[in-house]
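One-based numbering along the sequence shown.
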Amino acid sequence: QQQAAERYRQLREFCRTSWDGSGIDKLDEAFTFAKETIGSKQFKTGEYILSHSLDVASIIAIEIGLEPDSVITGILHNIMYAGIEKRVTKDEIVARFGVIVYSNLEGMAKINSLGTDTVDLHAENYRKLLLALAGDVRVILIKTADRLQVMRNLHLYDNESQKRLANETSHLYAPLAHRLGLYVINSELLDLCLKYQKPADYNYVITQLKENELERSLFVAEFVKPVEKILEERGYRFSMKARTKSVYSIWSKMQKK
């Protein structure tokens with residue numbers, strides 16, 4: 001509970017920078033409601049359900065930048081989890097948090113009930129079905145945040161679940177994240193999939209990146225010098241950034257070339 005309270009405090013502080021008072025009040029109510037409903041229940045993995053929910057809400061708010069109803073959906077998305085005794089009704093959710101939050105929760109429930117045994121054979125059909133079941137694109141964004149949190153904690157799961165979730169993510173959630181413009185999240189999801197699907201290949205790329213990190217930074221520094229010089233001579237104000245390709249992107253290029 002103490003860990004959950006600290007996570008909530010950080011989320012609330014972030015939201016306060018751009019939300020009005022009524023949004024924060026609703027957020028407080030959602031956290032209190034989730035705390036009362038979920039308590040200290042845990043998933044089979046040992047992870048606290050409330051902590052997971054707050055992580056998902058934080059991704060929705062901070063990393064994706066969605067509006068209050070979506071963040072509140074993130075906090076509440078496990079209030080109907082099978083292992084929780086307290087039954088929450090539609091009327092109760094609508095009365096306290098509004099129709100949009102209930103609609104989001106319903107869309108997530110529909111997605112969660114979708115079997116994905118043949119996702120690798122019919123990936124595009126599954127993606128279309130997922131979008132149809134969601135009803136609102138925000139549901140897909142919320143579900144993507146949920147999956148990112150799961151993939152970041154995949155070490156808690158058994159081997160069979162790791163394979164299933166990584167397979168599902170690589171064919172469904174990573175492509176949808178890319179399609180919706182969440183390029184950073186898409187890259188992280190693909191990196192995490194590779195880590196569990198092909199650990200030897202993943203570790204090889206990681207090791208190589210670490211070993212030539214200094215060499216790469218020196219090369220980039222030399223490469224940009226003449227570009228900087230020309231821009232400065234022409235009186236431009238500018239900043240320059242360099243980035244390393246993601247692990248999955250490097251590995252993929254190695255397979256093709």
Side-chain angles (χ1 to χ4, degrees), residues 3 6-7 10 43-48 51-52 54-56 58-65 116-121 123-124 126-127 141 143-228 238-257:
Q3 188 182 40
E6 176 56 25
R7 286 183 187 188
Q10 291 170 358
F43 291 123
K44 290 175 185 175
T45 59
E47 186 180 18
Y48 285 99
S51 293
H52 161 82
L54 288 166
D55 281 351
V56 172
S58 298
I59 293 169
I60 294 165
I62 299 165
E63 298 183 52
I64 301 179
T116 55
D117 294 345
T118 58
V119 67
D120 46 343
L121 301 175
E124 186 56 32
Y126 272 100
R127 289 195 284 271
L141 294 168
K143 186 61 189 170
T144 301
D146 178 40
R147 180 50 58 99
L148 178 59
Q149 197 279 345
V150 168
M151 291 300 292
R152 285 174 176 173
N153 294 278
L154 207 56
H155 59 278
L156 299 173
Y157 291 74
D158 59 67
N159 285 341
E160 196 57 42
S161 297
Q162 286 177 354
K163 285 178 189 171
R164 177 179 59 79
L165 290 163
N167 185 50
E168 207 177 82
T169 301
S170 64
H171 287 96
L172 273 184
Y173 295 102
L176 283 170
H178 187 270
R179 198 171 289 182
L180 293 168
L182 303 174
Y183 303 120
V184 174
I185 288 176
N186 167 66
S187 288
E188 186 177 350
L189 287 173
L190 289 173
D191 281 2
L192 289 165
C193 287
L194 185 66
K195 182 179 180 180
Y196 289 93
Q197 289 175 319
K198 295 185 179 292
D201 290 8
Y202 176 85
N203 289 325
Y204 172 76
V205 176
I206 286 284
T207 303
Q208 294 297 315
L209 285 172
K210 282 179 182 171
E211 285 180 0
N212 65 27
E213 190 173 8
L214 179 61
E215 186 184 334
R216 275 183 293 114
S217 62
L218 291 171
F219 172 79
V220 170
E222 283 301 311
F223 182 85
V224 300
K225 272 181 187 174
V227 182
E228 282 180 327
F238 63 93
S239 63
M240 298 181 78
K241 292 179 182 177
R243 67 171 182 85
T244 305
K245 285 172 79 70
S246 70
V247 178
Y248 176 84
S249 182
I250 292 169
W251 174 82
S252 181
K253 206 164 201 178
M254 286 166 67
Q255 307 314 300
K256 291 170 189 167
K257 309 217 174 190

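Contacts of Thr118 classified as side-chain hydrogen bond (donor to acceptor under 3.5 Å, both in side chains), with partners at least two apart in sequence or in another chain: Tyr126. Residues that satisfy the salt bridge (charged side-chain N to carboxylate O under 4.0 Å, His left out) test with Glu63, not counting sequence neighbours, are Arg152. When the side-chain contact (heavy atoms from CB on, under 4.5 Å) test is applied to Ala174, the partners found at least two apart in sequence or on another chain are Asn186, Leu189, Leu190. Among residues two or more places apart in sequence or in another chain, the side-chain hydrogen bond (donor to acceptor under 3.5 Å, both in side chains) test is passed with Lys245 by Ser249. The salt bridge (charged side-chain N to carboxylate O under 4.0 Å, His left out) check on Glu6 picks up Arg9, with sequence neighbours excluded. Every residue two or more places apart in sequence or in another chain that forms a side-chain contact (heavy atoms from CB on, under 4.5 Å) with Leu180 is listed here: Val137, Ile140, Leu141. When the ring-ring contact (aromatic ring centres under 6.0 Å, His included) test is applied to Phe43, the partners found at least two apart in sequence or on another chain are His52, Tyr81. The side-chain hydrogen bond (donor to acceptor under 3.5 Å, both in side chains) test applied to Asp158 returns Ser161, not counting sequence neighbours. By the side-chain hydrogen bond (donor to acceptor under 3.5 Å, both in side chains) test, Lys225 is found to be paired with Glu222, residues two or more places apart in sequence or in another chain being considered.
Contacts classified as salt bridge (charged side-chain N to carboxylate O under 4.0 Å, His left out) and involving residues 204-214 (residues at least two apart or in different chains) are not found. Listed by first and then second residue, the side chain to side chain donor-acceptor pair (under 3.5 Å) pairs involving residues 168-185 are Thr116-Glu168, Glu124-Arg179, Arg147-Glu168, Arg147-Thr169, Asn167-His171 (not counting sequence neighbours). For the side chain to side chain donor-acceptor pair (under 3.5 Å) condition, the pairs that include at least one residue of residues 191-203, sequence neighbours left out, are Asp201-Trp251.
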